[in-house]
Amino acid sequence: MHKLLLLITILLVPHAAFAAVISFDPQETTVGMSTPFLVGITIDSDTPVNTIRGVIDVPESMEVVDASDGNSIINLWIERPYINDARQLVFSGIVPGGFEGYRGKLLTLTIQAKREGVARFIVNPSSRIYKNDESASPQPIISRPLDLRVSAGRDNISNEIPDTALPERFMPVVALIPDGSSDTQATSSIESGHWAVSFVAQDKGSGIAGYAVAESFSRIEPADERKVRRLSWRDAESPYVLADQRLSSYVYVKAIDKEGNVRIERLDPQQPRPWYRTALGYILIALIALIILNALRTRINISRRK
């Protein structure tokens, strides 16, 4: 049925024969005020697209409690979802390899109605979608507003689905940000010519809430919660400039989803310290020094007795 509607839309709009369709997927078209409800934002595209910037006009009678990227087709976020001063939900990101198909999930919104009446969500014309080809040309967008009727006496469908799954496994990468870098991921806080760790994780449940990075000379198993808690964690965004520019430390990256579930990945040192500069090395050197010192004292005592 969904494919049929898309086909009809394309036939009725010949100039947009290769268009992307942004749709809203509400649980219900009539909602209550007592509890939040869910509204999904999806995309249909008959040609591969890889860069999406969405701008959604949010009615004043509605409050966006949360915008979850759980299981979104967008893997690399340029702008994570936020509400601007114009009461617009803004987000942008990249779909590696491109997306072509139907009902590709962009976001799942948790909405709270503030008063009765009819509320309209609109895809703002400033939204942009770009093709996954060498030209990266803009893709025409077809969209329809979402009208929701708010009734004070109505109960919403429960959306209390606990997320107990960890974020998916991911692979942090250490790379040098060279002088004069034009890397689009580098921010103004990143100094050129420094080693940094880059990372991105996915969470199919509630979505990723944030990251943290720790550096240590000690090798710790991510499953060892007691030792992991003792690490000096710092909130981080990718790319994150490493404190140890000699790359002799273990790097730990923590991905946290919106329900507090944590996945930790570890990177081994690229330039491991020599054995004599490790904790065990210091102990061995101290023991050897004590043995030598004790031997010298013994020899001195023997010499004095003679």
Side-chain angles (χ1 to χ4, degrees), residues 2-3 5-6 9-10 16 18-29 36-59 62-84 86-112 119-132 136-148 159 161 163 167-168 200-210 255 257-259:
H2 198 74
K3 293 182 179 180
L5 290 175
L6 177 60
T9 303
I10 292 173
F18 296 99
V21 179
I22 296 180
S23 304
F24 297 99
D25 185 18
Q27 291 176 303
E28 297 181 281
T29 54
F37 57 93
L38 299 181
V39 171
I41 304 176
T42 62
I43 181 174
D44 301 334
S45 182
D46 48 17
T47 189
V49 296
N50 70 355
T51 305
I52 300 169
R53 184 178 192 272
V55 181
I56 309 298
D57 293 341
V58 179
M62 296 287 178
E63 179 184 356
V64 179
V65 179
D66 183 51
S68 173
D69 61 357
N71 214 23
S72 173
I73 63 170
I74 298 177
N75 292 331
L76 300 176
W77 289 96
I78 300 171
E79 295 174 291
R80 286 195 171 273
Y82 70 96
I83 300 292
N84 64 15
R87 289 192 55 80
Q88 294 172 322
L89 174 71
V90 180
F91 61 93
S92 61
I94 299 171
V95 185
F99 171 79
E100 179 182 12
Y102 300 92
R103 299 184 64 79
K105 180 186 287 189
L106 297 176
L107 293 172
T108 300
L109 308 182
T110 301
I111 307 293
Q112 177 68 62
R120 168 168 285 195
F121 288 83
I122 299 174
V123 179
N124 192 278
S126 63
S127 300
R128 293 289 183 270
I129 297 177
Y130 297 91
K131 295 180 181 179
N132 186 40
S137 56
Q139 176 86 323
I141 299 175
I142 298 173
S143 65
R144 293 178 180 174
L146 168 64
D147 290 322
L148 295 175
N159 55 25
I161 303 175
D163 175 17
E168 296 182 27
V200 60
Q202 297 295 311
D203 184 78
K204 292 184 178 180
S206 56
I208 297 295
D257 71 14
K258 293 180 180 179
E259 292 297 325

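Residues passing the side-chain contact (heavy atoms from CB on, under 4.5 Å) test with Pro48 are Glu100, Asn132, sequence neighbours excluded. Shown here are the side-chain contact (heavy atoms from CB on, under 4.5 Å) partners of Ile73, two or more places apart in sequence or in another chain: Ile43, Ile52, Val95, Phe99, Leu106. Applying the side-chain contact (heavy atoms from CB on, under 4.5 Å) rule to Ile122 yields the partners Asp57, Arg120, Pro145; only residues at least two apart in sequence or on another chain are considered.
The closest donor-acceptor contact from the side chain of Asp44 to the backbone of Arg103 lies under 3.5 Å. Remark: the backbone N or O of Gly205 is not paired with any side-chain donor or acceptor of Lys258 at under 3.5 angstrom. Side chain of Ser68 to backbone of Thr108: no donor-acceptor contact under 3.5 angstrom is found.
Residues Ser72 and Asn75 approach most closely at O-OD1, 3.9 Å, considering heavy atoms. Pairing each heavy atom of Val21 with each of Ser23, the nearest pair is CG1-OG, 3.6 Å.
Side-chain contact between Ile56 and Phe24 is present, with heavy atoms from C-beta onward closer than 4.5 Å. Between Arg80 and Ile74, every side-chain heavy-atom pair lies at or beyond the 4.5 Å cut-off.
Here the CD-CG distance, from Gln202 to Leu76, works out to 7.5 Å after rounding to the nearest 0.5 Å. For the atom pair Ile129 CD1 and Ile22 CD1, the distance stands at 4.0 Å (nearest 0.5 Å). Rounding to the nearest 0.5 angstrom, the gap separating the CG atom in Asp25 from the CG atom in Leu146 is 9.5 Å. Between the CG atom of Asp147 and the CZ atom of Phe121 there is a distance of 10.5 Å, given to the nearest 0.5 Å. The distance from atom CD1 of Ile141 to atom OG of Ser45, rounded to the nearest 0.5 Å, is 10.0 Å. Annotation: the span from Arg128 atom CZ to Arg53 atom CZ amounts to 8.5 Å, rounded to 0.5 Å.
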**Request:** Could you walk me through whether Ile111 and Leu148 pass the side chain to side chain contact (heavy atoms under 4.5 Å, CB included) test, one step at a time?
**Result:** CA-CA 11 Å; Ile111 307 293; Leu148 295 175; 5.8 Å; no
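Between Asp66 and the options Leu109, Thr110, Leu107, Leu38, a side chain to side chain contact (heavy atoms under 4.5 Å, CB included) holds for only Thr110.
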